[in-house]
Amino acid sequence: MHCSRLFLPTLKGDQPRLTPWTGMMVRAGMIRFAGDGDCYVLPAGRRVFDNIGCLFQTAFSRLGAHELLFHGHDAFALLLQEIKSYKMLPFAVQRRKISTTPVRRPSFGLAFAQHRLCLEMTAVAESTSDIGQIESTLREYIHSLLSDLGICSSLVSASPGEEQWMLVLPYDKGDTDWYECNGCGQKALDWCVQVARDDMPVKTETSELKRLYTPGASTMAILCEQVGIPLEATLKTMVYVREDGMPVLAMVRGDREVDVRRLTSAAGGSCRAATQAEIEEITGAPCGFAGPCNLPHKALLVLDSALAHASGLVAGANEADYHLGGLVPGRDFIPDVISTIRKATPQDRCVCGCTMTSHRGFGLITGSRFILTGMKVQGRSGTLQELPALSVSVDVNRVVEATARFALDERGFNWPKSVAPFRCAVIAVTVREASVLEQASKIYADLQRAGLHTLLDDRDVGLGAKMADSDLLGIPIRMLVGPQGLQHGYVEMACRTGGEREQVKLSEAVDLVLKKVQPDIQTI
RNA sequence: CGGGGCGUAGCGCAGUUUGGUAGCGCACCAGCUUUGGGAGCUGGGGGCCCCGGGUUCAAGUCCCGGCGCCCCGACCA
């Protein structure tokens, strides 16, 4: 590519309001942001996207995943339509798609853009062990790819069982929280980490049920102040509505919060917070006095496991300005479900009893194993059976951002060679001298012919700018063709990684470059 | 919901106290000199100073009212 014809708008100064690596990508003319936070990927950036995407596609292809192109359906609909017999198994497909996540506030980064490029692989197989085999091979490939890209991610569990997982990258401004046990090593997302039952309600002198007059105590803090009890001795009742319209009362200890995702799996359907009007309708009392007893309507009572054996609690009475004291779950009300529905906190302990460390970051790759319901295929024995399936999705935006983050240095990016937007930059020191441009063009043509993505810098700008741009983009090899060297038949060669510059004979230059730029990430 | 800040060229900002020709840096355009680490000089283009009303001979600036954006704090019944 001739630099003078490439849309490569590099910039000089620091970019405000961006992380260093994102700002550097903007400076390098790889990306631009729209006002709403959406991202334009420019030609140089697109090459990085393509290179990284290609590594994963190759990994998928190694597992036999066929490359498809389609939108608006999920891959299973196709499998459902096409797989007729076990003889076609295992069967896998892959595609690229744009995943759209609504963002509340725009944040200017690749990782949190509203539209992100994802690579998705979907596989079905005859048995769960076959799927497990595919999954573990794929994880191995992915693990080695990520480490070649310089990314240190960790594998966390993303479901209460082991069937969903996520590769996450620590980052303090991430959108995902997870916990790691300091003892058994359990790593899981915050809403599915298994925590020890934490039943430490304060024993009160009496557990005799009584009605307390608590005027205006519409929050736990006011209530505790009035009644003179600690938050730990209260039972907080949060009102939700299940997707089918069923009211759900979620009860946790007063100092804890309800985790909606945990609640969703406990209540057997997706739940949303009730509006104020709904709360009044469901509990028959103003907002702030909800409780599990004396409800005017049927509601699903979901109790956090930590309170299952508590007694002497204080909870709302479903009546304005009244609470109930001395409440005992199981005696004064019967919960429909007892489950861990509170949000995990760093104070929680792992099921093994050890302390846990909380982490924040973002997910790069997600995977999940499941049985494909509604799809039955004739097996060896002749009977119809449901198929185990695997779905893995690589968020290319995020992998690119993570790679950029670790490749960043003072001058720009020091990409792995396989990722760099060009393998080699041929810089014509001045384009005003015909012989210089001519020699540079010749070397460029030879390298292109040899199959090497090369950038010929033929712009009429100062040498400093050309060198700076080459470093900024992170092109692994830079060849300088200038009048001084040409007089003696030499060009200068330098690597992005090390500073040493070599004078090489014009006639040997091309061969030397070809020797130096063997790809550093083996894909096949 | 409360407190604070901001709104002026594509971007980043000064100018508002004390009303008087619309400014600076970067970017952009033209030309010349340059070219071994982001060049220099000269010239140039570009504005509903967030919107609406008011005071005034005169408002980016003062007054009233909107709108929008950002930060901090509170917000689990």
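Within every chain, numbering begins at 1; the chains are lettered A, B, ... in the order of the sequence lines, protein sequences first and strands thereafter.
With G38(B), G36(B), C76(B) as the candidates, the nucleotide lying closest to the side chain of Arg27(A) is G38(B). For Val258(A), taking side-chain heavy atoms from C-beta onward, the closest of the listed nucleotides G38(B), G37(B), C76(B) is C76(B). Residue Leu480(A) has its side chain nearest to G36(B) when only G38(B), G37(B), G36(B) are considered.
Using a 30° and 60° split on the angle between ring planes, Tyr171(A) and Phe362(A) fall in the perpendicular class, above 60°. Using bins of under 30°, 30° to 60° and over 60° for the plane-to-plane angle, the ring pair His359(A)/Trp178(A) lands in the parallel bin.
With C1' as the reference atom, C50(B) and G68(B) are 7 Å apart, rounded to whole Å. For U17(B) and A27(B), the P atoms lie 33 Å apart once the distance is rounded to whole Å. Taking atom C1' in both G38(B) and C70(B), one finds a spacing of 32 Å when rounded to whole Å.
Contact annotation for Val461(A): base contact, defined as any heavy-atom pair under 4.0 Å involving a base atom. As judged by a 4.0 angstrom heavy-atom cut-off over every strand, Gly485(A) is placed among the base-contacting residues.
The shortest side-chain heavy-atom distance between Leu455(A) and Leu6(A) falls under the 4.5 Å cut-off.
Rounded to whole Å, atom P of G36(B) lies 13 Å from atom CZ of Arg478(A). Here G36(B) presents its C1' atom at 16 Å from CE of Met479(A), a figure rounded to the nearest Å.
At a cut-off of 3.5 angstrom, counting only N and O atoms as typed in the model, there is no donor on one side facing an acceptor on the other between the side-chain of Arg459(A) and the base of G38(B).
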